[in-house]
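Notes follow once the structure below has been shown.
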Amino acid sequence: MSLWKTTVQQPLLLLQLQQQQHSTPMHSSSFISTNTMNQKKKSTSNRRALILCCSGSNTSSYSPSPSISTTTTTTSAPPIIKRRKRYRRQYPGESIGITEEMRFVAMRLRNVKGKKYTKDSLSEDEKEDDNLGSDNDNDGDDDGGVTWQPSMEGFLNYLVDSKLVFNTVERIVDESSHVAYAYFRKTGLERSEALEKDLDWLGQQGFVIPEPSGPGISYAKYLGELSEKSAPLFMCHFYNIYFSHIAGGQVIARQVSEKLLEGRELEFFRWEGNDAELIKDVREKLNMLGEHWCRDEKNRCLKEATKAFRFLGQIVRLIIL
């Protein structure tokens, strides 16, 4: 029995021992390889997380330097050349005011026979102004050598038409609701009442007072229509009517008084205050008002000034007709 056990059991024991030896290294190697793979996975995931973290932070924080980009663009772009600002050439008298501009228009109309202006260089309106104003420019003789002789009948027509024009202007200024006209009420230059007194006195002297004639009626109608269309254009006539009467009316008054009225001075040519100061006050107000007008309105006013002198010239010519 002992020999059988020895011969039979010994090989079995050896076989079991070999199986245990083979199974143990395999188990340990698989365990080691499993651990190694797990560590590799962890290190790989850690590296990915680190890369993602670093790459995210770098991406969010990185931006191109503005100084570098600006420098490259400015150096590559052509230099900017600033254009010169061109200023419009001013009209004569524009720096002072619209009344000074109109004064230059009046001077030009009076000097059309000089060297700088000729008939060929004038427009149709200016040619007519020159013809109408030629009688006013002569204190003594005209071009034909004929003495400037006023007639009483013509002088009465002149006074009547002038009264109609002044009545129209003063009525428009007093009754209009336009705010611009309110500044020119009761200026002291009003002539309607003075003309009424003169015509009453002349009627008492036996002179027949005529009705208004064509020049006065046409001008009064034009002023009425113009006052509703454009305040700047009407104010141009307003100023030139009073200015012309003060500037040229004194010459007419002196000549007519000497030749027709035996030296009597009419109320039409007298003012309660200083006429120069009165027209100066109107001039300053109109210049202030003109500062709010555009250049186009001022240009139209200058054209209206020639019309004002044309209408006034027609009325003055009544004295010698």
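The first residue in the sequence is number 1, and the count goes up from there. Values below: every heavy atom of this structure, side chains too, minus hydrogens, waters and symmetry copies.
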Quick one: does Gln205's side chain have a donor or acceptor within less than 3.5 Å of a partner on Gly203's backbone? no

With rounding to the nearest 0.5 Å, note down the distance linking CD1 in Ile209 to CG in Asn157. 10.0 Å

Using the test salt bridge (charged side-chain N to carboxylate O under 4.0 Å, His left out), find all partners of Asp281 that sit at least two apart in sequence or belong to another chain. Lys285

Give the cluster check for Phe207 versus Ile252: same hydrophobic cluster or not, with ILVMFWY residues linked at side-chain heavy-atom distances below 4.5 Å. yes

Nearest 0.5 Å, what's the CG-CE distance between Asn240 and Met235? 10.5 Å

For residues Val105 and Ala305, report the shortest heavy-atom separation together with the two atoms involved. CG1-CB, 4.2 Å

Smallest separation among heavy atoms of Leu260 and Pro150, with atom names: CD2-O, 3.8 Å

For the atom pair CG (Leu286) and CD (Glu291), what is the distance rounded to the nearest 0.5 Å? 10.5 Å

Does Val208 sit in a hydrophobic cluster with other residues, and if so which ones, taking ILVMFWY side chains as linked at heavy-atom separations under 4.5 Å, directly or through other members? none

If we only count heavy atoms from C-beta on, is the Asp198 to Lys163 side-chain gap below 4.5 Å? no

Are a donor atom and an acceptor atom from the side chains of Arg295 and Asn299 found within less than 3.5 Å of each other? yes

Whether Arg185 side chain and Glu175 backbone form a donor-acceptor pair below 3.5 Å: no

CD of Glu265: more than 12 outside heavy atoms within 6.0 angstrom? yes

Nearest-0.5 Å distance that lies between atom CG in Asp200 and atom CD in Glu267: 11.5 Å

Which one of Leu164, Asp161, Leu312, Thr168 satisfies the side-chain contact (heavy atoms from CB on, under 4.5 Å) criterion with Tyr219? Leu312

Determine yes or no for a side-chain-to-main-chain donor-acceptor pair under 3.5 angstrom, with Ser257 supplying the side chain and Arg254 the backbone. no

Step by step, work out the side-chain contact (heavy atoms from CB on, under 4.5 Å) result for Leu278 and Thr187. CA-CA 7 Å; Leu278 295 175; Thr187 61; over 6 Å; no

Crowded around Glu153 CD? As in, over 12 foreign heavy atoms under 6.0 Å? no

Residues at least two apart in sequence or cross-chain that pass ring pair (Phe, Tyr, Trp, His ring centres under 6.0 Å) with Phe268, listed by chain then number, are Phe166, His245

Exceeds 12 heavy-atom contacts within 6.0 angstrom, atom CD of Glu262: no

Leu189 side chain reached by Ile246 side chain, heavy atoms, under 4.5 Å: yes

Heavy atoms, side chains only, cut-off 4.5 Å: are Leu261 and Met152 in contact? yes

Let's go through Val282 and Phe243 carefully: what are the C-alpha distance in whole Å and the side-chain angles of both, what is the deciding distance for side-chain contact (heavy atoms from CB on, under 4.5 Å) to 0.1 Å, and is it a yes or a no? CA-CA 10 Å; Val282 172; Phe243 174 77; over 6 Å; no

Does some side-chain heavy atom of Ile279 sit less than 4.5 Å from a side-chain heavy atom of Trp271? no

Applying side chain to side chain donor-acceptor pair (under 3.5 Å) as the test, list every pair that has at least one member in residues 223-234; sequence neighbours left out. none

When you measure from the side chain of Asn287 to the backbone N and O of Thr99, does any donor-acceptor pair fall under 3.5 Å? yes

So, taking the atom named CG in Leu233 and the one named CD in Glu304, what distance separates them when rounded to the nearest 0.5 Å? 5.0 Å

Would you please name every residue forming a ring pair (Phe, Tyr, Trp, His ring centres under 6.0 Å) with Phe234, sequence neighbours left out? Tyr181

What one should report as the nearest heavy-atom pair of Cys301 and Cys236 is O-SG, 3.1 Å

Apart from Met288 itself, its cluster of hydrophobic side chains linked below 4.5 Å comprises none

Between CZ on residue Arg191 and CZ on residue Arg270, distance to nearest 0.5 Å: 10.0 Å

Would you check if Ile319 and Ser151 make a side-chain contact, meaning some heavy-atom pair closer than 4.5 Å? no

At their closest point, which heavy atom of Ser162 faces which heavy atom of Leu195, and how far apart are they? C-CD1, 3.8 Å

Shortest non-hydrogen contact from Ala180 to Leu289? CB-CD2, 3.9 Å

Do Ile241 and Tyr183 share a hydrophobic cluster (ILVMFWY, side-chain heavy atoms under 4.5 Å, transitive)? yes

Note: Glu297-Arg300 ion pair, threshold 4.0 Å (strictly below): no

Does Tyr158 share a hydrophobic cluster with Trp201, counting links as ILVMFWY side-chain heavy atoms below 4.5 Å and allowing steps through other members? yes

Indicate yes or no: at least one non-hydrogen side-chain atom of Leu266 is less than 4.5 angstrom from one of Val256. no

Mind running side-chain contact (heavy atoms from CB on, under 4.5 Å) on Tyr242 and Val169 for me, showing each step along the way? CA-CA 10 Å; Tyr242 288 107; Val169 170; 4.3 Å; yes

Are the side chains of Lys307 and His237 in contact, using a 4.5 Å heavy-atom criterion? yes

Shortest non-hydrogen contact from Phe184 toward Glu190: O-OE2, 4.4 Å

